[in-house]
Protein chains: 2
Amino acid sequence: MAESSTRTVERALVLLGAVCDAGSLTLADAARETDLSASTALRLLRTLEGTGFVRRDALGAYRPGLRVVQLGAQALGHESLVSLAEPALERLVDRTGESAYLSVPSHDGEGVYLAMREGTHSVRHASWVGRSIPLAGTAVGAVLTGSPAADGFVVVRDGVEADVTAIAAPVSPGARTVAALSVVVPSYRITEAEAHRIGELVAQEAATLLTRQDAAALTEDLTGEPA
Amino acid sequence: MAESSTRTVERALVLLGAVCDAGSLTLADAARETDLSASTALRLLRTLEGTGFVRRDALGAYRPGLRVVQLGAQALGHESLVSLAEPALERLVDRTGESAYLSVPSHDGEGVYLAMREGTHSVRHASWVGRSIPLAGTAVGAVLTGSPAADGFVVVRDGVEADVTAIAAPVSPGARTVAALSVVVPSYRITEAEAHRIGELVAQEAATLLTRQDAAALTEDLTGEPA
DNA sequence: AAAGGACGTTTCAATAAGTGAAATATACGG
DNA sequence: CCGTATATTTCACTTATTGAAACGTCCTTT
């Protein structure tokens with residue numbers, strides 16, 4: 001039992017993830033999606049339903065339950081990084097008019113948007129908190145995986161998402177990068193020089209995000225003890 | 001197998017809930033909290049950790065993981081009721097200066113705040129999305145459990161929470177009440193007449209919340225099919 | 001320093017508990 | 001009216017979960 005793990009629970013969690021990703025899944029779809037037999041999927045989904053993690057709609061399809069919303073909101077509230085980053089995101093939007101994001105590495109080789117602020121241009125990049133983003137081929141990914149950022153920031157034009165240019169910088173209190181701050185711009189609107197200007201803004205915000213008292217608060221958040 | 005349910009999964013979900021409620025739990029605390037043996041709790045927590053639902057901080061304590069945040073944010077985004085209610089919440093705050101909430105019944109005989117808008121008074125009721133509230137002895141509870149609301153709204157002074165008066169009205173597209181709209185006011189500030197005035201505002205917003213095109217959208221949301 | 005206690009972790013045999021194929025019922029579409 | 005797909009139940013098989021016990025460590029106490 002060197003690397004322990006409970007198959008039943010893993011399956012149930014995969015099932016939960018599938019339902020949340022799809023927004024709505026029928027039993028058969030869920031079973032296919034997760035490679036489970038219908039009877040097993042049914043049993044697990046019923047358990048998830050009994051605990052409020054999924055619910056059934058009028059047609060019998062499974063949807064994310066309120067427990068998910070509730071726990072998610074609680075967890076997000078406990079993320080002090082988010083509240084620390086919000087002013088920075090706001091300043092970035094103020095000074096660029098473009099959408100700005102805070103992201104962190106997730107568990108499966110992807111990243112997640114933890115907080116965002118929409119840009120003010122009528123044509124702007126739109127995404128949402130909780131969205132996962134690949135780390136390969138993205139500016140955020142380059143930053144989160146610790147690629148040496150020449151000028152303190154990374155610019156990726158038309159990476160995973162076509163038509164947009166992403167500019168990201170690492171949030172690193174000390175040696176380790178814990179998050180990325182990024183601004184995403186429709187590519188047609190941005191010049192090389194402008195990207196550089198925004199890059200410096202992002203890098204500066206990212207650099208000052210976790211200093212002194214901020215770092216103390218984060219340490220407390222990560223350790224559960226006053227720093 | 002009349003009422004099926006998998007013990008392992010149930011236990012893991014309870015454990016997840018305990019970690020999210022506490023914000024941070026050590027293994028021993030988690031095991032005590034959930035009446036599990038330390039070895040079982042450890043095994044389940046490891047499974048949750050491996051899937052990103054919990055993570056360990058620097059001291060080894062368990063905290064809600066990013067997967068929870070992610071799924072929660074996704075689920076909240078799929079709740080079209082929330083976006084429909086937001087304008088109503090905003091109007092209520094505009095006209096009363098008090099905090100306003102949208103809540104729905106949860107699975108375990110409680111309710112959950114799904115959306116909120118903070119009041120503008122410097123002394124105001126403060127809560128958060130995802131918070132669960134008892135149904136017994138609360139205005140929201142009375143409305144959600146379908147108590148006949150005399151004037152279309154319910155006022156509860158100093159109910160479960162001391163010093164505050166809650167005013168709630170049912171959101172009922174058709175016969176069934178699916179949600180409650182409420183305004184919560186510090187009791188010292190409100191008179192009988194004022195409560196009545198606010199009650200009518202809340203009742204009116206609640207009544208018009210799911211009409212015509214709104215109702216069609218909600219039906220679609222609940223059934224997964226165009227109405 | 002030694003003793004005591006609490007915690008995290010691993011091991012392992014007992015068996016409780018999860019599994020999936022198959023059968024049934026119902027609904028849908030041609 | 002038949003063929004197909006889905007949701008659900010049943011049941012024998014055995015796999016996978018379980019919890020007591022033992023161990024190492026790190027504190028606090030005496």
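Chain identifiers are assigned alphabetically (A, B, ...) following the order of the sequence lines, protein sequences preceding nucleic acid strands; residue numbering begins at 1 within each chain. Scope of the values below: all heavy atoms of this structure, side chains included, with no hydrogens, waters or symmetry mates.
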note: B:Asp35, atom CG; D:dA20, atom C1'; distance rounded to Å ~ 17 Å
Rounding to 0.5 Å, atoms OG1 (A:Thr138) and CD (A:Glu110) come to a distance of 10.0 Å
Phosphate OP1/OP2 of D:dT18: any B:Arg43 side-chain N/O under 4.0 Å:
yes
Angle between ring planes, A:Tyr101 versus A:His125, binned at 30° and 60°: parallel, tilted or perpendicular?
perpendicular
Separation of D:dA5 atom C1' from A:Leu25 atom CG, nearest Å, is 16 Å
Does any N or O in the side chain of B:Asp57 come within less than 3.5 Å of the main-chain N or O of B:Leu59, such that one atom is a donor and the other an acceptor? yes
Record whether the side chain of B:Thr6 comes under 3.5 Å of the base of C:dG18 through a donor-acceptor pair of N or O atoms. no
To the nearest angstrom, the CZ-P distance between A:Arg11 and D:dA16 comes to 9 Å
Discussion item. Taking the side chain as everything from C-beta on, heavy atoms only, tell me whether B:Leu71 gets closer than 4.5 Å to B:Phe53.
Written reply: yes
Rounded to whole Å, CG of B:Leu44 lies from P of D:dA16 at a distance of 16 Å
Walking DNA chain D from its 5' end, the first of A:Ser39 and A:Val9 to be reached, judged by nearest nucleotide, is A:Ser39
A:Arg7 CZ to D:dT18 C1', in whole Å, measures 16 Å
From CG of B:Leu45 across to C1' of C:dT9 the rounded distance in Å is 13 Å
Winner on side-chain proximity to B:Thr8, out of C:dT9, C:dT19, C:dA17, is C:dA17
Using modelled atom types only, decide if a donor and an acceptor are shared between the side chain of A:Arg55 and the backbone of A:Pro64 within a distance under 3.5 Å.
yes
From CD of A:Glu33 across to P of D:dT6 the rounded distance in Å is 14 Å
Would you list the atom pairs, donor with acceptor, under 3.5 Å between side chains in residues 10-17 of chain A and any protein atom, with sequence neighbours excluded?
residue : atom : partner : partner atom : Å
A:Glu10 : OE2  : A:Ser5  : OG           : 2.7

Nucleotide by nucleotide, nucleotides 3-8 of chain C touches protein heavy atoms under 4.0 Å in the pattern (B base, S sugar-phosphate only, - none) ----SS
Sub-4.5 Å side-chain heavy-atom contact between B:Val54 and B:Tyr62: yes
